[in-house]
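Reading through the structure tokens given below for one structure.
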Amino acid sequence: MAILYVTDQGAVLTKRGNRLVVEKQGKVIHWLHAFRVEQVILLGNVSLSPTAVAFLLAQGIDTVFLSYYGKYRGRLVAHLGKNIELRRRQFARLADPAFALSLARACVAAKIDNCRVLLRRQNRELQSDAVTQVLHQLRVLGRKAAAADSLETLLGLEGSAAAAYFGAFPHLLKNPDLPFEGRSRRPPRDPVNVLLSLGYTFLANTVHTQVMTAGLDPYLGALHQPEYGRPSLVLDLMEEFRPVLVDSLVISLVNRRIIRPGDFFRPEEQEPAAFDFAAPPVKEGYPILLAHTGMKKLILHFERRLASRILYLPQARRLSFRDVILAQVRAFIRALEEDVPYQPFLVR
């Protein structure tokens, strides 16, 4: 099954016969057999024809709307999952402070542990004393997170771990043309931060899809407290995958010079010719943005990473990362239904 990304600004997605067709200015620029499409992701100024909307709803094909710069706008959902008993169980279990804290601890400790693995792998070649020092810090913070007795303590430890981890991140990057001066969000202020933010958006979308497919409510989690419009459970369950699927990918794209300075532009500059529909609606305050060519590269390599296979120890077999995410969502459901601790995904 395929994920159909539509990034061409001004394009229209329609349905003809058994095909989903992407048109722009009256010309077909891409098409896929409809039965092969698992999900549709529309970035920016892309519209749907009425026939495409009807087909996507009828087939239950998850359709996601993102701004061109990766901000989540919404999805086309035919119906919420039918398993009301599962959602009732989710609400009841997460109302238990002990269970909620246990889940939050598992998410944070796993994220810190996977960050350590990424740094350790990178440092085999670097042999950086600064990175080694951060590895020691993360080991201590990870142990404290696993034993934290309150959500407030846990959030403090997570913040300290993130600061230490991203403090070491510049040592892992080998392309001085793409500088990184620390993690910045809303807006990201350098090319590497742009890639990280977009990568996390794509990861959140992937986790969100699996959470919805499983019939869970994406808006109630444990680590991320309920907030209007915030998919807290999605944010909880994606923590363990951030270093594995996004951070390592960004390092690879930068160090292998797959993404280059020419793949970015600044709002005061004209977007490259590939972005030929109209001036994009650039939100004020964005110092740098990913251009059309860069967006295509990021999507291509993110999808390749999701499709790559890894040994999944709980099942003792190799799975794609996309299937691992689904397996972890099911592990969360087991924790809800069988009163067992949630076992996060850990890399070695």
Side-chain angles (χ1 to χ4, degrees), residues 3 5 7-9 41 43-44 66 68-70 114-132 134-135 165-185 187-203 205-206 241-276 280 282 286-310 320-322 347:
I3 310 296
Y5 287 83
T7 62
D8 288 88
Q9 302 304 282
I41 299 177
L43 288 96
L66 304 178
Y68 186 77
Y69 304 110
N114 286 342
C115 286
R116 287 189 66 242
V117 172
L118 173 63
L119 290 183
R120 191 171 65 237
R121 287 177 177 175
Q122 295 289 323
N123 206 35
R124 286 173 187 159
E125 178 183 344
L126 288 174
Q127 295 295 307
S128 164
D129 291 340
V131 174
T132 300
V134 171
L135 282 168
Y165 172 69
F166 282 113
F169 214 71
H171 296 282
L172 314 182
L173 303 172
K174 302 174 184 175
N175 185 350
D177 294 330
L178 295 177
F180 177 76
E181 298 178 353
R183 183 74 180 113
S184 60
R185 303 180 299 160
R189 298 194 172 281
D190 58 53
V192 174
N193 272 298
V194 169
L195 295 173
L196 288 171
S197 293
L198 280 167
Y200 295 146
T201 297
F202 293 151
L203 173 59
N205 173 61
T206 305
F241 292 103
R242 286 176 183 260
V244 181
L245 283 175
V246 178
D247 302 350
S248 62
L249 174 63
V250 170
I251 292 169
S252 174
L253 293 176
V254 171
N255 289 351
R256 294 168 60 197
R257 287 172 166 69
I258 294 170
I259 295 281
R260 299 169 180 269
D263 291 319
F264 298 86
F265 73 102
R266 297 186 180 279
E268 65 270 18
E269 300 169 351
Q270 186 66 35
E271 164 66 285
F275 202 164
D276 57 4
V282 177
Y286 278 77
I288 188 164
L289 296 161
L290 194 60
H292 195 243
T293 54
M295 183 67 79
K296 286 195 169 186
K297 292 178 186 177
L298 180 61
I299 289 170
L300 173 67
H301 287 274
F302 180 74
E303 284 297 319
R304 284 181 178 173
R305 181 61 62 97
L306 279 180
S308 62
R309 300 171 76 85
I310 185 172
S320 70
F321 272 113
R322 192 184 300 279
V347 288

Are the side chains of [Y] and [X] in contact, using a 4.5 Å heavy-atom criterion?
| X | Y | value |
| --- | --- | --- |
| F241 | N114 | no |
| R322 | I3 | yes |
| D263 | R260 | yes |
| P261 | L178 | yes |
| F302 | L198 | no |
| H301 | S252 | no |
| L66 | I41 | yes |
| V254 | F180 | no |

Okay, side chain of [X], backbone of [Y]: is any donor-acceptor separation there less than 3.5 Å?
| X | Y | result |
| --- | --- | --- |
| N193 | S184 | yes |
| N255 | L172 | yes |
| Q127 | R124 | yes |

Heavy-atom pair of closest approach, residues [X] and [Y]:
| X | Y | result |
| --- | --- | --- |
| K174 | R257 | O-NH2, 3.6 Å |
| R183 | S197 | NH2-OG, 3.2 Å |
| I258 | K297 | O-NZ, 3.0 Å |
| P179 | P191 | O-CD, 4.2 Å |
| A130 | H171 | CB-NE2, 3.6 Å |
| V244 | R305 | O-NH1, 3.4 Å |

How many angstroms lie between [atom1] in [X] and [atom2] in [Y], if you round to the nearest 0.5 Å?
| X | Y | atom1 | atom2 | answer |
| --- | --- | --- | --- | --- |
| L43 | Y5 | CG | OH | 8.0 Å |
| Y200 | D247 | OH | CG | 3.5 Å |
| R120 | N123 | CZ | CG | 10.5 Å |
| D177 | I259 | CG | CD1 | 13.5 Å |
| L249 | R304 | CG | CZ | 11.0 Å |
| L196 | F166 | CG | CZ | 5.5 Å |

Task: Derivation of the side-chain contact (heavy atoms from CB on, under 4.5 Å) call for F202 and L298 - done: CA-CA 10 Å; F202 293 151; L298 180 61; 3.9 Å; yes
